[in-house]
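Working notes for the structure below.
Just so it is clear, the values below take in all heavy atoms, side chains as well, and ignore hydrogens, waters and symmetry mates. None of these values were measured; they are calculated from a predicted model.
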Amino acid sequence: MKSCTTMELNAAKMIILVSGIGVLPFVAFAAFLICPGALLKAYNWYLRRSLGLVVRYSRSGSYRFCYSSRGSPGGATPSLLLLHGFSANKDMWFPIIKHLPRNQHVVCVDMPGHGGTSRTGTEDYSIHGQVARIHQFVRSIGLDKRPFHLVGTSMGGNVAGVYAARHPADLSGVTLMCPAGLVYPTDSEFITHLKELKDTLNEDAIALIPTTLQDLKNMLRLCCHKPLNLHRQILQGLLDNRIPDNGFYKEVFMEIVGEKSIHALQESLHLITAPLQVIWGKEDLVLDVSGAAVLQAALPSCQVELLDNCGHTVGLERPRKSAKLIMDFLSAQKINGGDDVKKQS
């Protein structure tokens with residue numbers, strides 16, 4: 001889903017920040033009323049700077065990747081590469097990054113077609129297409145010079161799991177947060193919704209692609225266990241920023257729920273050899289928490305963490321806990337010697 005990170009929850013801080021600087025309060029207030037989407041983007045810029053993240057670009061041929069990063073590789077723990085979910089972007093990781101050690105090397109990439117990364121065609125939007133592109137990205141910035149830890153959520157979790165199956169030598173470990181791509185023993189509310197859409201052939205009513213304020217409220221209720229209670233202008237800003245991309249989101253969505261992608265992770269589980277961590281919200285209405293048992297049955301050595309009072313947006317709802325779980329897992333792998341062996345060229 002599109003990130004409803006601290007830029008929405010704390011947008012008021014932006015206004016407070018500038019409240020004592022001449023005319024800026026009036027500018028901020030006008031933006032809040034007239035162009036709330038622009039104010040949200042400005043707050044994202046401010047928050048990115050405060051977290052020490054720098055936006056960069058890399059190329060693989062004519063293809064452009066947009067990413068943000070902090071720190072340098074080669075520290076005490078492996079680098080982290082974070083893969084966001086459907087219709088989000090690299091900024092969705094702000095809440096978790098806030099709670100990571102300042103010296104932890106972190107890379108957040110815009111997934112194919114999302115954010116500032118190139119839009120091409122459907123061949124890049126399937127799960128296998130996204131895996132191929134992320135592998136290109138890893139090579140383009142030299143992240144594969146030593147094993148790194150891969151984290152993916154939802155659609156990004158599907159991609160991360162398949163990446164781990166295809167490129168095991170790249171990884172010291174992998175964290176899957178509420179991943180898509182499995183055969184779930186229990187249908188979630190969202191999966192039930194999808195089946196109803198298929199029966200009615202109504203592809204224009206996808207719950208994760210809102211077109212009205214009410215649609216957006218319904219999406220946030222579906223994705224977040226606890227109500228966000230956002231101001232109407234904040235909601236309008238979120239919607240304004242999403243609507244221009246809705247055609248693209250639909251194209252991606254139809255690819256990732258298509259025959260080649262919908263169970264891509266399930267079909268790849270037997271090939272995953274890297275140490276695996278699973279984090280899932282118990283109240284997930286998008287992808288049912290029963291998927292965690294599927295992963296544990298296929299990979300008994302994986303570490304499963306189920307979070308109380310948490311829905312699908314684990315990184316937003318439980319950022320401090322998520323960051324601690326990831327860092328504890330990295331530290332455990334270091335103790336076990338899992339990230340000390342450099343890859344052979």
Side-chain angles (χ1 to χ4, degrees), residues 1-13 47 51 80 82-88 91-100 151-158 160-161 174-182 184-194 207-208 210 214-231 234-235 238 265 276-297 302-330 332:
M1 62 165 282
K2 181 73 172 179
S3 174
C4 50
T5 62
T6 47
M7 71 175 183
E8 301 95 67
L9 301 178
N10 301 319
K13 292 182 181 178
L47 190 55
L51 291 173
L80 287 177
L82 309 179
L83 307 182
H84 64 73
F86 169 73
S87 79
D91 295 341
M92 70 150 285
W93 296 106
F94 287 167
I96 286 181
I97 291 172
K98 179 181 178 181
H99 297 292
L100 293 175
V151 180
T153 184
S154 196
M155 177 191 77
N158 195 350
V174 59
T175 296
L176 304 181
M177 305 172 74
C178 308
L182 297 171
Y184 305 89
T186 303
D187 283 350
S188 66
E189 180 176 326
F190 178 65
I191 296 300
T192 300
H193 162 75
L194 283 187
L208 298 183
Q214 187 57 52
D215 289 345
L216 181 61
K217 291 177 182 178
N218 292 341
M219 184 189 80
L220 294 176
R221 181 199 63 79
L222 190 68
C223 294
C224 303
H225 176 59
K226 294 182 179 179
L228 296 182
N229 296 322
L230 301 178
H231 190 283
I234 298 296
L235 291 171
L238 284 171
L265 177 56
L276 174 64
Q277 178 184 47
V278 178
I279 304 175
W280 217 306
K282 288 184 179 180
E283 281 71 45
D284 192 340
L285 299 180
V286 178
L287 297 170
D288 192 77
V289 67
S290 59
V294 173
L295 290 167
Q296 194 155 48
C302 73
Q303 179 177 308
V304 176
E305 304 285 350
L306 304 182
L307 305 184
D308 293 321
N309 300 313
C310 183
H312 187 64
T313 52
V314 172
L316 171 64
E317 298 178 72
R318 301 291 300 278
R320 186 188 299 272
K321 179 67 172 179
S322 298
K324 184 178 187 304
L325 288 173
I326 291 169
M327 292 307 302
D328 287 350
F329 191 70
L330 262 63

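- Contact check for Leu230 versus Leu220: side-chain heavy atoms found under the 4.5 Å cut-off.
- For the pair Trp280/Pro179, a side-chain contact is recorded, criterion being any heavy-atom separation below 4.5 Å from C-beta on.
- Looking at heavy atoms from C-beta onward, Thr313 lies out of side-chain contact with Met92 at the 4.5 angstrom threshold.
- Put simply, the side chain of Leu80 reaches to within 4.5 Å of the side chain of Leu330, judged on heavy atoms.
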Cut-off 3.5 Å, no hydrogens considered: what does the side-chain donor-acceptor table look like for residues 286-293, sequence neighbours left out?
| unit_1 | atom_1 | unit_2 | atom_2 | d |
| --- | --- | --- | --- | --- |
| Asp288 | OD2 | Ser290 | N | 2.9 |
| Asp288 | OD2 | Ser290 | OG | 2.7 |
| Ser290 | OG | Thr186 | N | 3.2 |

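- Here the closest heavy-atom approach between residue Arg318 and residue Ser322 is recorded as O-OG, 2.8 Å.
- Checked for salt-bridge contact, Lys324 and Glu305 miss the test: no charged N lies under 4.0 Å from a carboxylate O.
- Shortest non-hydrogen contact noted between Trp93 and Leu83 is CZ2-O, 3.1 Å.
- The SG atom of Cys178 sits 13.0 Å away from atom CG of Asn158, with the distance rounded to the nearest 0.5 Å.
- Distance alone, capped at 3.5 Å, places no donor-acceptor pair between the Glu317 side chain and the Gly281 backbone.
- The backbone N or O of Asn309 lies less than 3.5 Å from a partner atom in the side chain of Glu283, making a donor-acceptor pair.
- Side-chain contact between Leu228 and Ile234 is absent, with no heavy-atom pair separated by less than 4.5 Å.
- For His193, the ring pair (Phe, Tyr, Trp, His ring centres under 6.0 Å) partners are Phe190, not counting sequence neighbours.
- Nearest heavy atoms, Gly315 versus Pro319: O-CB, 3.2 Å.
- In this structure, CG on Leu82 lies 7.5 Å from CG on Leu100, to the nearest 0.5 angstrom.
- For the pair Met219/Asp215, no side-chain contact is recorded, criterion being any heavy-atom separation below 4.5 Å from C-beta on.
- With contacts defined as side-chain heavy-atom distances shorter than 4.5 Å, the pair Glu189/Arg221 qualifies.
- Summarising the geometry, atom NE2 belonging to His312 is positioned 9.0 Å from atom OG belonging to Ser188; distances are rounded to the nearest 0.5 Å.
- Atom CG of Asp308 and atom NE2 of His225 lie 9.0 Å apart (nearest 0.5 Å).
- Note that CG of Leu235 is 9.5 Å distant from CG of Asn229, once rounded to the nearest 0.5 Å.
- Residues Val304 and Leu295 fail the side-chain proximity criterion, which asks for heavy atoms closer than 4.5 Å.
- Note: Leu208 CG to Ser154 OG = 7.5 Å, rounded to the nearest 0.5 Å.
- For the residue pair Ala323 and His99, the shortest heavy atom distance occurs at CB-CB, 3.7 Å.
- The minimum heavy-atom distance between Val314 and Met177, with the atom names listed, is CG1-CE, 3.6 Å.
- The two residues Leu176 and Gly157 make their nearest non-hydrogen contact at CD2-O, 3.4 Å.
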